[in-house]
Engineer: 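So that we are looking at the same thing, I have put the structure below in structure tokens.
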Amino acid sequence: MKTPILEMKHIRKCFSSTVALDDVELNVYPGEIRGLIGENGSGKSTISTIAAGMQKCDQGEMVFGGQPWQPKSMIDALHKGIGIIVQESGTIGGITVAENIFLAETDQFRIWGGKGPVSTAAMNKAADVVLDNIGVTNVRGHMMMGALDFQTRKLVEIAKVVMKNPQILIVDETTTALSQQGRETLYRIMKKYRDEGRAVIFISHDLDEIISVCDTLTVLRDGHLIRTFQREEFDEDLIRTSMIGRELRGDYYRSDFEPSHMEEVTLTAEHITVPGILEDVSLCLHKGEIVGIGGLSHCGMHDLGKILFGAQKAASGTVTAGGIRITNETVAMKQGMGYVAKDRDTESLTLSASVRDNIAIVGMDRFAVKNFLVLGGKEKQYVDQQIGVLEIKCADRDQQVSQLSGGNKQKVVFGKWIGRDSDILILDCPTRGVDIGVKRAMYQLMVQLKKQGKTILMISEEMPELMGMADRLIIMKDGRIMKEFQRSKDLSDAEIIKFMI
């Protein structure tokens, strides 16, 4: 029998009164891709970040390569053999790609025997080699990181970690941020690690992806290790039952197949153009309608969502809601609009702030006098109502948002806009990085909002949820609207995809 490359014994971790891990034992073997799956808050990211040196466990011990494992930091762990690609952004925006890749290691590029300034040209060239080695040729070392989109920044982060050739590569919910091409790049790296006798710990909420990629699969639930499946034991129903400890009841997507909405138009976009991104895009949304927008990741749909909310300027064209032209986010909010961004941690949340502050920030007009004198009691009632309605798992309203699981972070974002009773919701990849239980809750919430007459625009790269939820589905390609489909039980993804590619 193989000897584990990593042994985690009796690991326990608590955040305030919340037990994140309780006596968890996990062995990872050389030459395997080990999947970790479970609902949000199950402990997947917690145990992986402990292994990667990002935080300490409260109890337990670890052995790596036959030696006690007590990394001082994530950087220390990476240099000693365990690297992690985190779920959200792990790069810095105000510097170049090369400076990100060689962060804190630029001395190797100093001229004059290491005593002179850093040679930017040499560092950029070295970064290009690192990127080429993982098959990324459209990003170069001289580029500014802040000018790249989220998924491209993620590829840079992958290159930075893989460059160190760790013995164990931890991939935490990374594929949700990548295009299909980016995913294939990552899968290729993971398989190379396995074939070379190293190991990968792969965290994903996508059960199909886990089954396709992994050799073994460990299920966590409420901080406990429930079961480890070998490949020959993979069974979707059994894995799901292990994850949630109960049957999912009720509908997952909508149960009806008839498109429906009221006659009233709530938002109109006319001739929206951004050179190289969007070309003459026009659409209208109705009261009580769920409109889906789908396409490949660079089709322009994410930019369109920002423009509709006034968070990004178009070169030409207009957006109006309630007869008022939307020119910025403040105007959009006054017209009852809310926006859930794809890049949750940098665009929708303040991670260093509390659950209360994140939910309350856009609802001041609901509990403050003249928008500046906060009535503490009313604010608490306002926030607690959203925590209760959305079943946000947190120690209390004052817990820091950065300590929450991905699904509960997303619920906080929803709580911001639902709390202020937004009439028009623009949701960009609203279920990215959340488990099947939270997804189902969000889909049911969308159905409830539709019945209340709310307008929902759902932008997504996941075709099943678009087909499962939208009254009307708009497909974009190369910045243009290519086709519209009405909701129908006979609609097939093959019919849709040919307009995307």
Side-chain angles (χ1 to χ4, degrees), residues 1-13 21-38 42-55 57 59-71 74 76-86 158 161-162 164-175 186-221 223-236 238-239 242-243:
M1 186 174 178
K2 287 183 179 180
T3 301
I5 189 173
L6 173 67
E7 299 174 78
M8 304 184 75
K9 305 174 182 179
H10 306 295
I11 302 298
R12 180 177 175 84
K13 180 68 178 179
L21 294 170
D22 190 7
D23 195 32
V24 172
E25 299 205 353
L26 178 68
N27 291 336
V28 179
Y29 295 88
E32 78 166 346
I33 299 175
R34 167 66 63 94
L36 287 185
I37 198 166
S42 62
K44 307 181 301 299
S45 292
T46 303
I47 197 164
S48 64
T49 52
I50 288 172
M54 293 176 67
Q55 59 182 328
C57 60
Q59 296 177 25
E61 61 178 320
M62 297 184 287
V63 176
F64 173 58
Q67 301 296 320
W69 181 242
Q70 296 177 323
M74 183 172 67
D76 183 44
L78 177 59
H79 287 162
K80 292 177 179 177
I82 297 182
I84 186 169
I85 304 164
V86 297
I158 292 170
V161 174
V162 171
K164 295 297 183 181
N165 289 314
Q167 287 300 302
I168 297 179
L169 177 65
I170 302 173
V171 181
D172 187 0
E173 285 289 344
T174 299
T175 53
L186 182 57
Y187 296 154
R188 187 169 61 250
I189 293 168
M190 291 165 58
K191 289 173 182 176
K192 182 174 183 286
Y193 265 67
R194 177 185 61 194
D195 295 344
E196 292 175 350
R198 291 181 280 178
V200 177
I201 298 174
F202 182 53
I203 302 172
S204 174
H205 285 304
D206 188 329
L207 188 52
D208 291 335
E209 179 180 54
I210 283 273
I211 288 175
S212 170
V213 171
C214 295
D215 304 302
T216 52
L217 174 59
T218 295
V219 178
L220 291 165
R221 184 173 76 235
H224 295 85
L225 193 153
I226 302 300
R227 176 175 174 178
T228 293
F229 294 86
Q230 301 301 316
R231 170 162 281 282
E232 60 271 17
E233 300 174 310
F234 286 2
D235 176 271
E236 289 190 22
L238 192 55
I239 294 169
S242 299
M243 286 171 57

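Positions are given from 1, in the same order as the sequence printed here.
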Engineer: Contact between Leu21 and Arg12 at the side-chain level, heavy atoms closer than 4.5 Å - yes or no?
Structural biologist: no
Engineer: Could you check whether any side-chain heavy atom of Leu6 comes within less than 4.5 Å of a side-chain heavy atom of Gln167, counting everything from C-beta outward?
Structural biologist: no
Engineer: Stepwise, does the side-chain contact (heavy atoms from CB on, under 4.5 Å) test hold for Met74 with Thr49?
Structural biologist: CA-CA 8 Å; Met74 183 172 67; Thr49 52; over 6 Å; no
Engineer: Drop me the distance from Gln59's CD to Asp23's CG, to the nearest 0.5 angstrom.
Structural biologist: 8.5 Å
Engineer: Taking all non-hydrogen atoms of both residues, which atom of Val213 and which atom of Arg194 are closest, and how far apart?
Structural biologist: O-NH1, 4.1 Å
Engineer: With no hydrogens and no angle check, is any side-chain donor or acceptor of Lys2 less than 3.5 Å from a backbone partner on Pro30?
Structural biologist: yes
Engineer: Hey, are the side chains of Lys13 and Ile47 touching, using non-hydrogen atoms and a 4.5 Å cut-off?
Structural biologist: no
Engineer: Using modelled atom types and a 3.5 Å cut-off, is there a donor and acceptor pairing between side-chain atoms of Arg221 and backbone atoms of Gly38?
Structural biologist: no
Engineer: Mind checking the CG-CG spacing from Leu225 to Asp22? Nearest 0.5 Å is all I need.
Structural biologist: 11.5 Å
Engineer: Of all the heavy-atom pairs spanning Pro71 and Asp76, show the shortest one and how long it is.
Structural biologist: CA-OD2, 3.4 Å
Engineer: Side chains of Leu238 and Glu233: closer than 4.5 Å at any heavy-atom pair?
Structural biologist: no
Engineer: Strictly below 4.0 Å, N to O, side chains only: are Lys191 and Asp195 in salt-bridge contact?
Structural biologist: no
Engineer: Determine whether Lys80 and Phe64 make a side-chain contact, defined as any pair of heavy atoms from C-beta on separated by less than 4.5 Å.
Structural biologist: no
Engineer: Report the C-alpha distance between Gln55 and Thr46 in whole Å, list the side-chain angles of each, state the deciding distance to 0.1 Å, and finish with yes or no for side-chain contact (heavy atoms from CB on, under 4.5 Å).
Structural biologist: CA-CA 8 Å; Gln55 59 182 328; Thr46 303; 3.9 Å; yes
Engineer: Measure the shortest side-chain to side-chain distance between Lys192 and Arg198 over non-hydrogen atoms and say whether it is less than 4.5 angstrom.
Structural biologist: yes
Engineer: Could you give the distance from CH2 (Trp69) to CD1 (Ile5), rounded to the nearest 0.5 Å?
Structural biologist: 10.0 Å
Engineer: Between Asp172 and Ser45, which heavy-atom pair has the shortest distance, and what is it?
Structural biologist: OD2-OG, 2.9 Å
Engineer: Looking at side-chain heavy atoms only, is the closest gap between Pro166 and Ile82 below 4.5 Å?
Structural biologist: no
Engineer: To the nearest 0.5 angstrom, please state how far the CZ atom of Arg231 sits from the CD1 atom of Ile33.
Structural biologist: 9.0 Å
Engineer: Where do His10 and Glu25 land on the side-chain contact (heavy atoms from CB on, under 4.5 Å) test, with the steps shown first?
Structural biologist: CA-CA 5 Å; His10 306 295; Glu25 299 205 353; 2.5 Å; yes
Engineer: Could you tell me the separation between the NZ atom of Lys9 and the SG atom of Cys57, rounded to the nearest 0.5 Å?
Structural biologist: 12.5 Å
Engineer: Looking only at non-hydrogen atoms, find the nearest pair between Ile210 and Gly35 and report the distance.
Structural biologist: CD1-CA, 4.1 Å
Engineer: Considering non-hydrogen atoms only, spot the tightest contact between Gly223 and Val24 and give its length.
Structural biologist: O-CG2, 3.2 Å
Engineer: So Tyr29 and Asp215, do their side chains get closer than 4.5 Å, heavy atoms only?
Structural biologist: no
Engineer: Enter the distance from Ile211:CD1 to Asp235:CG here, rounded to the nearest 0.5 Å.
Structural biologist: 8.0 Å
Engineer: Testing the basics here: between Leu217 and Arg34, what is the closest heavy-atom pair and its distance to 0.1 Å?
Structural biologist: N-CD, 4.4 Å
Engineer: Using only atom types and a distance under 3.5 Å, with no angle test, would you say the side chain of Glu173 pairs donor to acceptor with the backbone of His205?
Structural biologist: yes
